[in-house]
Amino acid sequence: MQSMDKVAANVAKIRELFPNCVTERINNEGKLEHAIDFDMLKQELSDHVVDGLQERYQFTWPNKRKAILAANAPINKTLRPCREESVDFDNTENLYIEGDNLDVLKLLQETYLGKVKMIYIDPPYNTGKDFIYNDDFKQSTEEYIENSGQLDGEGNRFVANTESNGRFHTNWLNMIYPRLKLAKDLLSDDGVIFISIDDNEVENLRKICDEIFGENNFLAQVIWERAFSPKNDAKFFSVSHDYVLIYARSIEVFSIGLLPRSAESDARYKNPDNDPHGPWTSDNMTVKSYSANYDYPIRTPNGTIYYPPAGRCWFTSKERMHKLIENGAVWFGNNGGNMPRIKRYLSDVQQGMTPITIWKYLDVGHNQEARQELKKLFDEKAYFDGPKPIRLLNRILTIANVKKDDFILDFFSGSATTAHAVMQLNAEDGGKRKFIMVQLQEECAENTEAYKAGYKNICEIGKERIRRAGKKIKEENPLTTQDLDIGFRVLKCDSSNMEDVYFTPKEYMDKQQSLFVDNIKKGRSDEDLLFDAMLKLDTPLSSKIERITIAGKTVYNVAQGHLMACFDKNVTDEVITAIAKEMPSYFVMRDSSQADDSVAINFEQIFNTYSPQTVRRVL
């Protein structure tokens with residue numbers, strides 16, 4: 001019942017590529033297991049004999065190895081559904097998940113591996129203060145000094161001052177690294193990730209992303225003009241921008257979405273000569289890459305002769321140039337005697353505009369606009385610091401080239417602007433895009449307006465924002481949003497549904513004998529078990545769930561027979577047989593559900609008879 005063991009998966013990949021680098025060892029439990037012979041692996045990846053340490057280009061920091069382990073280590077946790085906080089639970093395909101995103105990303109690995117088209121995150125910006133995503137290996141100042149090699153053998157410091165800035169970098173890097181490592185595996189081959197960041201960590205984040213996603217998959221470092229007025233109380237410079245880093249999962253597969261053309265862009269195209277091809281604008285016809293074959297004279301209609309400027313040549317051959325002139329695709333000015341220029345027709349570029357790396361607030365919004373958007377939804381209260389404007393997310397969704405049925409993930413959901421933007425885009429084009437929001441239950445301070453209004457944590461603000469935004473979108477577009485999905489299933493990260501029964505018999509006390517009666521924790525519902533099974537058995541958490549009755553027992557039919565489950569008591573052969581005849585891909589039941597020993601004996605035989613391909617799981 002654990003999440004995916006990334007170490008075991010990576011060992012399997014190495015074994016497939018380099019079988020001679022996999023050996024065996026005795027683990028801490030005295031059992032044999034496969035392990036990597038790292039010395040042999042180093043040799044396989046080197047074109048010369050590997051001997052000792054060598055200087056190399058790398059980006060590292062104290063406890064980086066622990067950050068890698070944090071991404072790879074499995075966890076005993078699950079996601080529990082919460083119907084009372086959801087909207088349209090049975091029909092929606094959207095998810096709102098509460099919990100530490102490191103745990104949640106691990107739990108999503110099996111079900112959503114390679115299925116997410118776009119990820120957007122707005123992580124903590126690391127302003128030098130502590131942040132709440134503290135993993136187990138958070139360091140004190142003293143630990144940082146020791147791990148970064150600033151102490152000699154006797155414990156004396158090599159430098160005079162505490163590197164508090166470096167310590168804060170280390171904490172932030174250890175927080176973000178494992179989360180991005182896990183996020184990469186969720187992206188589809190044509191997927192893309194967008195990360196908002198400021199000056200404090202943009203250089204470090206870029207190095208991390210180069211390492212995780214690959215330097216060759218870097219697409220852009222966008223400058224977003226987030227403020228529209230200067231701060232006169234700034235000590236040196238008034239910072240008016242943030243960054244958005246963009247990386248593709250595979251740059252060979254990703255296809256960028258073009259931006260819609262603006263009226264201002266189209267206004268540059270005129271048609272002074274009534275060209276039948278429509279409006280056009282003129283462009284230079286010379287290039288710097290000189291070729292003697294492309295260096296020739298051009299005679300204008302009024303007889304003037306033009307050569308390319310010194311060191312340059314025309315962009316095409318003499319023969320093709322004559323055809324362009326004959327077809328009226330070259331402009332010589334109103335008097336027919338100007339330097340020739342090629343016509344660029346509006347009809348050839350109307351499919352869209354290539355994005356640029358500077359995003360003005362006039363085009364994508366600013367922080368104050370984002371706050372106003374929240375105020376309009378929350379009765380003139382913003383309730384959240386630093387939200388992102390919807391127009392910024394609209395630009396990101398367009399560039400990501402999300403199709404109408406794609407998954408969009410935001411695992412630092414905050415005020416849930418991403419969910420709002422996805423619903424709005426679906427309302428505009430009839431799409432069925434699904435959002436997955438993940439947010440830690442960060443508490444609101446008691447002196448904040450949000451707390452006074454009854455919102456105890458960030459999740460409560462985010463969920464309410466989605467409810468109000470969805471309602472507002474439908475009210476403003478009643479004719480086109482009848483089928484718009486504005487609901488979401490709330491899932492909460494929690495400990496495993498299974499009791500801790502990992503002791504030897506001699507370690508059990510009398511009061512623990514009850515664990516053998518039922519290995520499911522008290523208070524866990526059938527739906528808790530169902531969603532845990534969905535996590536483990538490749539079933540999207542947004543799948544349609546039907547409850548049917550067979551011989552008086554409740555049976556869950558998920559995703560039209562992909563997964564079927566029954567957790568009722570006294571399940572008979574009749575129930576098992578009826579389920580097997582449905583031929584589901586997976587079937588799950590509780591061990592304690594079986595009516596008697598004969599059901600346990602006949603269980604496998606019944607499925608082998610009617611549906612041998614069904615994967616069976618007994619909890």
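Note that the structure is predicted; figures quoted are calculated from it, not measured.
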Would you say [Y] and [X] are linked by a side-chain donor-acceptor pair, where the criterion is simply a distance under 3.5 Å?
X: Glu201; Y: His169; answer: yes
X: Asp242; Y: Ser196; answer: no
X: Tyr306; Y: Asn338; answer: no
X: Arg226; Y: His241; answer: no
X: Arg312; Y: Ser289; answer: no

Salt bridge flag under 4.0 Å for residues [X] and [Y]:
X: Asp100; Y: Arg179; result: yes
X: Glu211; Y: Lys207; result: no
X: Glu93; Y: Arg489; result: no
X: Glu98; Y: Lys463; result: yes
X: Lys403; Y: Asp190; result: no
X: Arg206; Y: Glu203; result: no
X: Glu380; Y: Lys375; result: no
X: Asp122; Y: Lys388; result: yes
X: Asp405; Y: Lys432; result: no
X: Glu443; Y: Lys456; result: no

Is there a donor-acceptor pair under 3.5 Å between the side chain of [X] and the backbone N or O of [Y]?
X: Arg249; Y: Lys184; answer: yes
X: Asn217; Y: Phe213; answer: yes
X: Asn426; Y: Arg433; answer: yes
X: Thr398; Y: Asn394; answer: yes
X: Asn367; Y: Gly386; answer: no
X: Asp363; Y: Trp359; answer: no
X: Asn457; Y: Glu460; answer: yes
X: Thr448; Y: Tyr451; answer: yes
X: Glu449; Y: Tyr383; answer: no
X: Ser3; Y: Ile75; answer: yes

Crowded around [X] [atom1]? As in, over 12 foreign heavy atoms under 6.0 Å?
X: Glu84; atom1: CD; answer: yes
X: Asp483; atom1: CG; answer: no
X: Glu428; atom1: CD; answer: yes
X: Ile358; atom1: CD1; answer: no
X: Lys381; atom1: NZ; answer: no
X: Asp385; atom1: CG; answer: no

Open item on the list: With salt bridge (charged side-chain N to carboxylate O under 4.0 Å, His left out) as the criterion, how do Glu85 and Lys492 come out once you've worked through the C-alpha distance, each side chain's angles and the decisive distance to 0.1 Å?
Closed with: CA-CA 11 Å; Glu85 297 179 22; Lys492 299 192 178 187; 2.9 Å; yes
- [ ] Could I get the full list of ring pair (Phe, Tyr, Trp, His ring centres under 6.0 Å) partners for Tyr177, not counting sequence neighbours?
- [x] Trp61
Open item on the list: Assess the residue pair Gln368 and Phe228 against the criterion (side-chain contact (heavy atoms from CB on, under 4.5 Å)); give the C-alpha distance rounded to whole Å, side-chain angles, the decisive distance to 0.1 Å, and a yes or no.
Closed with: CA-CA 9 Å; Gln368 285 301 313; Phe228 63 91; 3.6 Å; yes
- [ ] Evaluate the ring planes of Trp331 and Trp280, with Trp represented by its six-membered ring, and classify them as parallel (under 30°), tilted (30 to 60°) or perpendicular (over 60°).
- [x] tilted
Open item on the list: Parallel, tilted or perpendicular: which one describes the rings of Phe407 and Tyr112, with boundaries at 30° and 60°?
Closed with: perpendicular
Distance in Å, [X] [atom1] paired with [Y] [atom2], rounded so as to fall on 0.5 Å steps:
X: Lys115; Y: Ile436; atom1: NZ; atom2: CD1; value: 10.0 Å
X: Asn200; Y: Leu205; atom1: CG; atom2: CG; value: 12.0 Å
X: Tyr269; Y: Arg261; atom1: OH; atom2: CZ; value: 4.5 Å
X: Phe378; Y: Phe384; atom1: CZ; atom2: CZ; value: 10.5 Å
X: Thr417; Y: Leu392; atom1: OG1; atom2: CG; value: 9.0 Å
X: Met118; Y: Asn401; atom1: CE; atom2: CG; value: 12.0 Å

TODO: Report yes if the distance between the aromatic ring centroids of Tyr120 and Phe194 is under 6.0 Å, otherwise no.
DONE: no
Task: Considering all heavy atoms, the nearest Pro389-Ala370 contact - done: N-CB, 3.4 Å
TODO: Please lay out, stage by stage, how Lys434 and Ile408 fare under the test side-chain contact (heavy atoms from CB on, under 4.5 Å).
DONE: CA-CA 6 Å; Lys434 284 83 69 175; Ile408 291 96; over 6 Å; no
Task: Chi angles and distances behind the side-chain contact (heavy atoms from CB on, under 4.5 Å) call for Leu102, Leu105 - done: CA-CA 5 Å; Leu102 182 62; Leu105 288 170; 5.7 Å; no
